[in-house]
Engineer: 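Pasting in a structure now, in structure tokens, and then I'll have a few things to ask.
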Amino acid sequence: ALLSESLFFLFFLQIIEKNADPEQMLLFYLLDLPQYNIHLCLSSVCTLMFQRHYSANACLLPICSLYGMAVTTVEGVGSTRTRIHPVQERLAKCHGSQCGFCTPGMVMSIYSLLRNHPEPTSEQMTAALAGNLCRCTGYRPILDACKTFCKVKTSDYRSTFITESVGLFSPDEFQPLDPTQEFIFPPELMRMAENQLKRTLVFRGERMMWIAPVSLDELQDLKAAHPEAPLVVGNTGVGPDMKFRGVFHPIVIAPARIPDLNVVKCTSDGLTIGAACSLSLMKDILTNAISELPEEKTKIFYAVLQQLRTLGGEQIRNVASLGGNIISRKSTSDLNPILAAGNCMLNLASKGKRDSFSVQVPEAQDDIVQGARLSSKWLLSILQNYILLSDPYMSDSYSLLSDLVQGEYISAFRQAPRRENALPIISAGMRVLFEEGTDKIKDLSIFYGGAASTTICAKQTCQTLIGRYWNEQMLDEASRLILNEIVLPDSAWDGKVEYKKTLIISFFYNFFLKILQSLKTMSLNCGNLERIFCSESLKWLISVVKLSQSPQDPVGRPVMHQSGIKHATGEAVYIDDIPSVDGELSLAVVTSSRAHAKIVSIDTSEALKEPGVFDVITANDVPATNEFHFSDDPEIIFARSKVICVGQIVCAVAADSYAHAKQAAAKVKIKYEALEPVILTIEDAVKHNSFFEPKRKLEHGNVDEQCFFSFGTGEIHIGGQEHFYMETQSVLAIPKGEDKEMDVFVSTQHPAFIQEMVAASLGVPANRIMCHVKRVGGAFGGKLLKAGLLASVASVAANKTNRAVRLILSRGDDMLITGGRHPFIGKYKVGFMNDGRIRAVDAKYYINGGCTPDESVLVTEISILKMDNAYKIPNLRCWAYACKTNLPSNTAFRGFGFPQSGLVTETWITGIAEKTGLSPEKVREINMYKEDEQTHFKQKLDPQNLKRCWNECLEKSAYYSRKTAIEEFNKQNYWKKKGIAIVPMKFPFGLGSRYLSQAAALVHIYTDGSVLLTHGGIELGQGIHTKMIQVASRELNIPMSYIHFCETSTTTVPNACASVGSAGTDVNGMAVKNACQTLLKRLQPIINKNPKGNWNDWIKEAFEQSVSLSATGYFRGYDADMDWEKGEGQPFTYFLYGAACSEVEINCLTGDHKNLRTDIVMDIGCSINPAVDIGQIEGAFVQGIGLYTMEELKYTPEGVLRTRGPDQYKIPAVCDVPEQFNVSLLSSSQNPYAIYSSKGLGEAGFFLGCSVFFALRDAISSVRNERGLKKTITLNSPLTAEQIRAACTDDFTKMVIGRWGNGLFNYL
């Protein structure tokens, strides 16, 4: 009997979906259920409960796969309307949310772990979060919340504080976790599973059919009838292919409910595991087997388990099947190489036939596999006829993971862009069997993944080495044989051919060392080459609150984020959470596929025929302004006659659903005529003299007269960076039906600018456009101009259709369209004395601005103004050029040019140290600003706090003693090296012009005493609303609970400046203070008359006396000026200072590294909220680690961004946080320019991430010095594992010839 309805439980309410569409994922299904107010996001997960609790990505789960399951999202865990769960409470109170967009996912990962392990270990907690991403917090406070549940003393995770300091949170306030109070699995589903006969499920959507058979015979019939139909269990392979790569399958077969595919069997020979078993289940099975069986029987279990621990995140492993991984992960498999090396067996079946084969290269056993060469390729070649049942054949004669015999060893290896939740660059499985009692090779297996289109075997090498002894002669021969046999394509899109070749032989050498150690013939201390992340307790220090301060005064206290609880319960509303409006349309954009071309024609006829399509919007539909001329080159809404980059918006499709809009967008046909030149790189732009004007120059002193000093020259390349805010660009435009009014709900940093652009594009006055921002799920500078253009796209569509229009960019489209941090080339010539003192710097900076100006010229200006970092440069000449290219225009990003120019400066500082033989910290100290100095643009500064930060960081980090210990460690370890670096920072604060820092606020007091506060600042995760409530609480002398913030809107605060440059609290705080003081001045006579009264009495009396209880506040902004003709001015208001010391450890064989410890000391004045401020420092620092060590943007020669989405573009994850992370705020620091002596610090901590870069450089220098490689190298950013491995030159890298020998490095 067939069943065509999906039955599952949501929040323990039964849901029967009779029209389940196989293409609809759970994420979008839940978002279409407004009665449940579901909040799910990019990294959000829901918990699926089916006999056990596990987390999974809602964006990958088809609703058809949920039959018989119970689904719990964050709303079902707890809410402010019912009860808040301990997980939600602790995450909020430990300050584990900033923008809050990723918080529901964090909650669900922790919650699902606690349902299975109420007292988890810290390792289990870290593993549970491996699949979650956060761009704001730096993960420290999230880990801190997690550890309160772990099997450790709570005191270990309290804030450490000095006398009169305040802890960031108090564990004593937390409600206990009581597992007995958790919801049970719905009894109805349990009875259904026990009593009902299983029936085949069949779901038919508009384009696709989903069939879920219940028996192996039925599956074989289906496979014979539909040989092209893929088998889907967890949808982690087919799902992304359909979503991101446009692959379509009209029929999908889902065999997860077939008992024969879920077999788990343990025999004396080994384990048998069904192909539909999840990777998490396999992991649990192997873990249990290791704990119960003798060590000699579990060597292969250890090896497989090692790969499973880093294969995807917990959410992926929970649903991904073993069989699916073997079949689908052809070239990038973690498991296939080790399974092949372990002689594991596969059981396959087709209609009327079963066969068993080794995972290794099968011999031609029959006509079905005749000619098959490689395991994965072989499996795919017979997939149309055969079904992978289990690993292995379900009889006692075969086993998946069989025992190894005496003298047999097996190991697995992998190297990936990020240690966890990233596909491997290269993976390997290796096994050796020695003749009894000897080190003579009897059998050898070597398999690699990532080296070709399939898992490949070094078969000839293995055969040649049989009979050899396990010694250095064998190693040399093996390395050469492997390189000759494993032939990689000459070109690969990731450009890592040489690196892959080196990894291939480095892995074999690692295997060689392990076996030598096991054979106890190792005389050299190589150190443990394994990398295990175990987060240690994290400590920090916070500023002192004066004893005289009123207990009610919240300023200076670590107040929880105003929306923290709502973040954790999923009640915080973002654009995509706003309920649908009747008749609302979804918009999908159509973007250019050419970098520079004339548009010949746009054919929308096929798109308009697609189901659900309402209209197609083009430049012809823009009522007024389509091009905005903020400078010589326009910013364009819709391309009209030509395109100037891949990703430029040409038109947009409006339809009744996003799925329909996206499908129709793919049917729009655009014909192009190529235009020349196509300029993609900085080098191309220089060649074609393609720049945005004006070019900037700053000169101080006389550089040309310093020729009698020593000079060093160099060049450093710094890659771009994607903002990767968790909430992608989002806008909802709603026509109001009269007077051409429109409500625009948008995720932006600058509502007034959105209002201006939308009004101009529609040809209406700005007072008809009401722009609303409740909160933004991260921005970092990326939601300014681009948000305005996208809001205009949606508003033009809403205007034409007279319908509400919602535009939510997918992650891939967001990355393709919006641009990010500017790629940067710094060329320099530095004059210095033998004692390390700098005499002159002559530098040129080039940034890749992209196809339109955006903020690029301003970025060049800031890069010059801040290039000195912490150092006095007596003579300086610096040019900066914004290159005009055919890439999407790059834009503002946290730090705004300083992270790049500062890295250039620290690079030549380090180069001077190497040239003079001095230590880098000595050169930094010699050249640091002293008392009452002037910058190179003649602005005065007092560097006293710079020196204090430097000295305190040296002391708190125990820099010199650790440096000595590291030198000793490096002497004892050849293949592992540690490095340490300490870097100072001077970060100027200011927006350049007074009008850019003006601010306004509006404060209402109602007759019940409650206060409504609004201002022009935007909540981006930096806690601005929380701080503004703290300011109002102090000024009005009332509890924070009396004060509410609703939203930022152009209807309440007009003409507000952008929330940028760390200035939000400074300027809006002044405006809020001004408004509150105005109100208090009005109330003062009433208070004086009744001093013993309370707030409510005074407000009631004021109303009765007709005293206005509403006031605006205003702040004119900071004076600022810069005369570029004279090269002098006062562009900044004040300076922040800091220092960071970081320690790392590198693996010289792979280039891999781990961040061991970071100590930061920051001068941020008197913190208004130390919990928020420390979170900002940590989050910025970890984002800086991403720029400087791992985040890579890759383009095709045609200008197409390859690294689109989290699969290809890796931001830091939990595993990248320093194992010890200590942040200290400088005490007794005053700042007369900002509210309550605070300082704006959101951007400053980013640059300190380069301390990790220079610690890596220090470790590399140790390697090179030990190996006699004296030439100084300039390492480019990001300093990835590939660069590190290339710099650690050895016999293996010398075997690999290519670009590593010439162009990867630039020499000083």
Engineer: Should the ring pair Phe724 and Tyr1209 be called parallel, tilted or perpendicular, given that the plane angle runs from 0 to 90° and is split at 30 and 60?
Structural biologist: parallel
Engineer: Please list, chain by chain and in numerical order, all residues satisfying side-chain contact (heavy atoms from CB on, under 4.5 Å) with Ala568, sequence neighbours excluded.
Structural biologist: Gln88, Thr103, Val107
Engineer: Examine the side chains of Asn132 and Gln315 and answer whether a donor and an acceptor come within less than 3.5 Å of each other.
Structural biologist: yes
Engineer: I'd like to know if the side chain of Ser280 pairs up with that of Asn318 as donor and acceptor (distance under 3.5 Å, no hydrogens or angles considered).
Structural biologist: yes
Engineer: Test of understanding: with side chain to side chain donor-acceptor pair (under 3.5 Å), list the residues that count as partners of Lys243, not counting sequence neighbours.
Structural biologist: none
Engineer: With sequence neighbours left out, what residues match Ala256 under side-chain contact (heavy atoms from CB on, under 4.5 Å)?
Structural biologist: Val233
Engineer: Would you say the side chains of Glu75 and Thr73 form a donor-acceptor pair under 3.5 Å?
Structural biologist: yes
Engineer: Any luck finding a side-chain donor-acceptor pair between Asp1216 and Tyr139 under 3.5 Å?
Structural biologist: no
Engineer: Given 3.5 Å as the limit, does a donor-acceptor pair link the side chain of Ser563 with the main chain of Lys566, or not?
Structural biologist: no
Engineer: Considering residues at least two apart in sequence or located in another chain, which fulfil the side-chain contact (heavy atoms from CB on, under 4.5 Å) criterion with Ser65?
Structural biologist: Leu61, Pro62, Trp210
Engineer: Among Arg821, Arg135, Arg418, Lys1210, find the one that has a salt bridge (charged side-chain N to carboxylate O under 4.0 Å, His left out) with Glu1191.
Structural biologist: Arg135
Engineer: Using side chain to side chain donor-acceptor pair (under 3.5 Å) as the criterion, list what pairs up with Asp241, not counting sequence neighbours.
Structural biologist: Arg245
Engineer: Would Glu1192 and Lys496 pass as an ion pair if we require N to O under 4.0 Å?
Structural biologist: yes
Engineer: Would you mind checking if Asp813 and Arg1204 are paired as a salt bridge, meaning a charged N to carboxylate O distance below 4.0 Å?
Structural biologist: yes
Engineer: Below 30° counts as parallel, above 60° as perpendicular, anything between as tilted: where do the rings of Tyr111 and His85 land?
Structural biologist: perpendicular
Engineer: Side chain to side chain contact (heavy atoms under 4.5 Å, CB included) between Val87 and Val77: does it pass, once the steps are laid out?
Structural biologist: CA-CA 9 Å; Val87 172; Val77 173; 5.6 Å; no
Engineer: Examine the side chains of His567 and Gln98 and answer whether a donor and an acceptor come within less than 3.5 Å of each other.
Structural biologist: no
Engineer: I'd like to know if the side chain of Thr1203 and the backbone of Gln1208 have a donor-acceptor N/O pair within less than 3.5 Å.
Structural biologist: no
Engineer: Of all residues at least two apart in sequence or in a different chain, which pass the side-chain contact (heavy atoms from CB on, under 4.5 Å) check with Ala20?
Structural biologist: Ser6, Glu17, Ile63, Cys64, Phe203
Engineer: Evaluate side chain to side chain contact (heavy atoms under 4.5 Å, CB included) for Leu1279 paired with Val1252, printing each intermediate quantity in order.
Structural biologist: CA-CA 10 Å; Leu1279 184 47; Val1252 173; over 6 Å; no
Engineer: Could you tell me whether Glu23 and Lys662 have a side-chain N and a carboxylate O separated by less than 4.0 Å?
Structural biologist: no
